[in-house]
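In each ligand, atom 1 is the first atom listed, and ligand 1 is the first ligand listed.
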Amino acid sequence: MEFPIVRGRRLRKNNIIRRMVKESRVHLDDLVYPLFVAEGEGIKKEISSMPGIYNMSIEHIVTECIELEKLGLSAVILFGVPHEKDEEGSGAYSDDGIIQQAIRAIKESTDLYVITDVCLCEYTSHGHCGLIIDGDVDNDSTLELLQKEAVSHAKAGADMIAPSDMMDGRVMAIRDALDGNGFSDIPIMSYAVKYASSYYGPFRDAANSTPSFGDRRSYQMDYSNRNEAVREANQDIHEGADIIMVKPALAYMDIIRDMRNKFDVPIACYNVSGEYSMIKVAAEKGFIDEKKVVLETLTGFKRAGADIIITYFAKQFAKDFAE
Ligand code: PBG
Ligand code: ZN
């Protein structure tokens, strides 16, 4: 059949029919809001490269979480901004670390689902995601620290663990450690497909986690590669990952779709800091309509195949589009 019998415009005639045939929708249930927890008191400092996003000390984080819950959001992912950093990133796995304290405080005051980023880079003086041995990021000795970090998050009350370090074998190591410590019910959302990306720039400002030497290309993926994403995801699912994440999201829609087509686990994408800032700045300049661009972007992730979207726009979206 073809024109004039076939006319695509019939199903675009008005809002009712357009909504009826809509294939992808963003729902608040899909969104995870990242929070930067700063060590100290009375801190609420806007991140200069991320308008509307703040480093907050725990009492402000709790107030924020109560507000997020009222807005209808249900999940957050936590990043730590500690005072002290050292070679081994010991703040990451101390039971009194900034994230461990934040988890307990949030859990005391809200019913939010608390996901924690498991990595060392926010806590190491050199800013790398693993231990440095002979000038290089050492894979296998890093695994033990990641295990300790994951277990200490779970002990503090985290609902889900999200390792972002890109060391080989970390999902298996973390699954093992969680199970061995009575946390077999805590899921792992693996940053399985994490590219070495310049879109992380503003995040590294926020977390003060830019590597002091070299870069992350010996552990994060080369953005030219697509088959490698499938191998990484396959491996992590074998090791026990419950959810697979693609990061960044906007320049990697093809990868999100590959994951959706190839695997039957839930797929998450991380709409990262640089992607957020680009929209914010263009909107501030009046070049684009922010509200509409945000809806279009998040809907694009769903259409690409993401079930879960981690985004700095979550709060704004909840305010603008709550039904
Ligand atoms: C830490 C981590 C990073 C992000 C999430 N976890 C930064 C990095 O790898 O340098 C990026 C998040 C963002 O840009 O919004 N491993
Ligand atoms: Zn890291």
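- Near Y312, meaning under 4.0 Å from any of its heavy atoms, are these atoms of ligand 1: 12 (C), 13 (C), 15 (O).
- A 4.5 Å side-chain heavy-atom check between V137 and L131 finds every atom pair outside the cut-off.
- Using a 4.0 Å heavy-atom cutoff, M166 is absent from the residues neighbouring ligand 1.
- In summary, the side chains of N227 and R231 do not present any donor paired with an acceptor at a separation below 3.5 Å, with no hydrogens or angles considered.
- Only the side chain of C121 comes within contact range of ligand 1, with a heavy atom under 4.0 Å; no backbone atom does.
- A salt bridge is absent between K302 and E23; no separation between the charged side-chain nitrogens and carboxylate oxygens falls under 4.0 Å.
- Within ligand 1, counting atoms from 1 as listed, the ones closer than 4.0 Å to a heavy atom of K194 are 1 (C), 2 (C), 3 (C), 6 (N), 8 (C), 9 (O), 16 (N).
- Atoms of ligand 1 found under 4.0 Å from any heavy atom of Y270, numbered from 1 in the order shown, are 12 (C), 15 (O).
- Ligand 1 has no nitrogen or oxygen under 3.5 angstrom from a nitrogen or oxygen of S209.
- Ion pairing between D222 and R217 fails under the 4.0 Å rule for side-chain N and carboxylate O.
- With a 4.0 Å heavy-atom cut-off, ligand 1 is reached by no atom of D165.
- Residues H153 and Y93 bring no donor and acceptor atom of their side chains to less than 3.5 Å of each other.
- Contacts between S273 and ligand 1, counted as non-hydrogen atom pairs separated by less than 4.0 Å, involve both the backbone and the side chain.
- Among protein heavy atoms, atom 12 (C) of ligand 1 sits closest to F203 CD1, 3.3 Å.
- Under the 4.0 angstrom criterion for non-hydrogen atoms, Y276 is not in contact with ligand 1.
- Electrostatic pairing of R170 and D236 counts as a salt bridge here, judged by a charged N lying under 4.0 Å from a carboxylate O.
- The environment of Y199 atom OH is sparse: at most 12 non-hydrogen atoms of other residues, nucleotides or ligands sit within 6.0 angstrom.
- Ion pairing of D165 with R216 is absent here, as no side-chain N (NZ or NE/NH1/NH2) approaches a carboxylate O to less than 4.0 Å.
- With atom 10 (O) of ligand 1 as the reference point, the heavy atom nearest to it among Q220, R204, M50, E122 is part of R204.
- In this structure, the ring of F36 has its center no less than 6.0 angstrom from the ring center of Y54.
- Heavy-atom proximity to K247, at under 4.0 Å, picks out these atoms of ligand 1: 2 (C), 3 (C), 4 (C), 5 (C), 6 (N), 11 (C), 12 (C).
- The shortest heavy-atom distance from E275 to ligand 1 is not under 4.0 Å.
- Expressed to the nearest 10°, the angle at the Zn ion (ligand 2) joining SG in C129 with SG in C121 is 110°.
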